[in-house]
Amino acid sequence: MCGIVAYIGTRPARPLLIEGLKRLEYRGYDSAGVAVLDPSTKPAKIQLAKAVGRVGNLEERLEGTTWQGTVGIAHTRWASHGGVTETNAHPHTDDHAGIALIHNGIIENYSVLRKYLEQKGHTFVSETDTEVLTMLIGELYDPANGVDLEAAVQGALREVTGAYAIAVICKQEPDVIVAARKGSPLIVGIGNGEYIVASDPQAIIAHTAQAMTLDDYNVVKITRDGFRTSTIDNVEVTPKVLELESELDEIDLGGYEHYMQKEIFEQPAALRNTLRGRLDMKDGRVVLGGVSAFAKDLVRARRFIMIAQGTALHAAMVAEYLFEELARMPTECEYASEFRYRNPIVDEGTVVVAVSQSGETADTLAALNEAQDRGALSLGVVNVVGSTIARETDAGVYLRVGPEIGVASTKAFTGQLAVLTMLSLFLARRKLMSPEAAAKLQDELADIPNKIEHALGLAPEIKQITERYIQHENWLFLGRGVNYPVALEGALKLKEISYIHAEGMPVAEMTHGPIALINDGMPVVFIANQGAQYDKVLNNIAEVRARGGHVIAVATEGDRHIRTMAEDVIYVPPCSEALSPMLTVVPLQLMAYYAAVARGHDVDKPRNLAKSVTIE
Ligand code: M6R
């Protein structure tokens, strides 16, 4: 999704801003732009450049130019209002006050505001909602009457509805940046005599580990000497300051060709981190510091609702089985985007769990707030420390899998599964599970990273199998029980990076319609590990083979019989069914990765996609 970087300090702003944009490239974008104030004239001059495509194109555009200035803003845009053009790219400028602005989010009432501003004589050049906000700030800016940049931004934000994270500069105030947020992430890195505003810690951590977070409706005015934080109604507030984790090493490719590949292979180490210190084998109790203060409320809860989107939703769907099976806790799972707009029944006995890698997904956040307003206790299962969902939930458990850069979520998925499995054991042990049974599952859980390592050893074989089928434009992924959501995840992975159409569904659903799709050689991936419904899965495999489909089975090591049923078999180590999704998903992640590489796609930056979806 769009990325924001802004800088004020003593170093030349332009190279720093471009470097910051590069660190945000993984989020997905389609154009980029930068503006730096040149203080050598009075008022200062706004030096501005934009380019469609990669940040590299913007750099080419800047070649041979020498910009002065130590204050500037830069942006990567992921088009929402208006096509992918240079004119629509940010920064946007107003038509008289000398304002330049970058924005993430959507101004929902932009057309009303645009009409109002047009009546006042303003002329718009772009199709964007962002230009409207820029122009509104310019319209309100009146330093002679005490409306400086900070006041103009506050005034404009009082008029807008929607979501925003913005950074604004003005040629008449060359030593100031004003930033603000509502519903879109924004943090301010605090350096020595310098500040870096960014939508993502990745753009900050190379420069400083200290950062302040802003709450919704907060505005910050930053100079080289300090900052003032207020609400849009100009009530002063004290911001929270946190230490960013130094994860720079983890965001290097480290010899891999793509982040997705690196993150798939990192899963054993990532999961060891997730589990570290949280499994207490002695009496079978899971130790989750982030939720222990609420243990009684969780055990007494009447039901759990899991809300999430995309891959995180698939992890939550697995958890729905585990919470019910292991902890006998009624649990529902829902797209956050649907939950937020219906009239959900939520009461004090409800615990809502927001599952999100980024902790910034707009729909998940809005659904969480909806449930909180209705009296639910809220938990976050989040990867990014200090993210909005992590801050806004009553309690939670971090994934600790390290930064996930690839747009296709992989290690966050297995991390979410590990955390949600621990949460289900946390409840189960307190409600009904014997210490022995809990300790046994914990033991097995502790061994999952080793088993994933083993499964990754089959990568060359999986590559060969995948490459045989990449000319097929339609694939099916089928699974049962806890492996039904894994089938959905396999299909999502394949489509989002290889652009092959894939559908995932419960095995038995195939006979209710989708079986009509099966024709000669169509790849059908079955998750056919040993489990309660193994025999039923074999029957469905036979049905697909009888119709000419080509079966690729993910099976349990030692299962010779499956070889007589499926053309290709990918083995994963044996384990309890409840834990199997952490293993069965690994071959599917690798298949998607190798398919995308073989089809020549940009694996880490798939078309039209963004890492973190901060708009609806
Ligand atoms: O950051 P989140 O986990 O909340 O993101 C949710 C989805 O946007 C995300 O999982 C998306 O589906 C990924 N591209 C899947 O690989």
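One-based numbering, in listed order, for ligands and for the atoms of each. All values below were derived from every heavy atom in this structure, side-chain atoms included, with hydrogens, water molecules and symmetry-related copies excluded.
- The shortest N/O to N/O separation between Gln416 and ligand 1 does not fall below 3.5 Å.
- Residues satisfying the salt bridge (charged side-chain N to carboxylate O under 4.0 Å, His left out) criterion with Asp30, sequence neighbours excluded, are absent altogether.
- Here His258 pairs with Tyr593 under the ring-ring contact (aromatic ring centres under 6.0 Å, His included) rule; sequence neighbours left out.
- Arg400 places a side-chain N or O within donor-acceptor distance of the main-chain N or O of Arg276, the cut-off being under 3.5 Å.
- Here the shortest heavy-atom distance to atom 1 (O) of ligand 1, taken over Ser358, Ser409, Ala412, belongs to Ser358.
- Across the listed options Glu489, His314, Gln309, Gln309 owns the non-hydrogen atom lying nearest to atom 6 (C) of ligand 1.
- In this structure, Thr364 does not count as a contact residue of ligand 1, since none of its heavy atoms falls inside 4.0 Å of the ligand.
- Distances between N or O atoms of Val407 and those of ligand 1 include at least one value under 3.5 Å.
- Exactly one residue among Gln357, Glu404, Glu489 makes a side chain to side chain donor-acceptor pair (under 3.5 Å) with Ser409. That residue is Glu404.
- Between Trp475 and Tyr469, the ring planes are perpendicular. Angles over 60° get that label, and only those under 30° would be called parallel.
- Near Lys493, meaning under 4.0 Å from one of its heavy atoms, ligand 1 places the atoms 15 (C), 16 (O).
- A cation-pi arrangement is found for Arg54 relative to Tyr29, the charged atom lying closer than 6.0 Å to the ring centre and inside a 45° cone about the ring normal.
- Close approach of ligand 1 to Gln357 (heavy-atom distance below 4.0 Å) involves ligand atoms 1 (O), 2 (P), 3 (O), 4 (O).
- Of all the heavy atoms of Glu360, none lies under 4.0 Å from any atom of ligand 1, so neither backbone nor side chain is involved.
- Ligand-side atoms of ligand 1 in range of Glu496: 13 (C), 14 (N), 15 (C), 16 (O), range being under 4.0 angstrom from any heavy atom.
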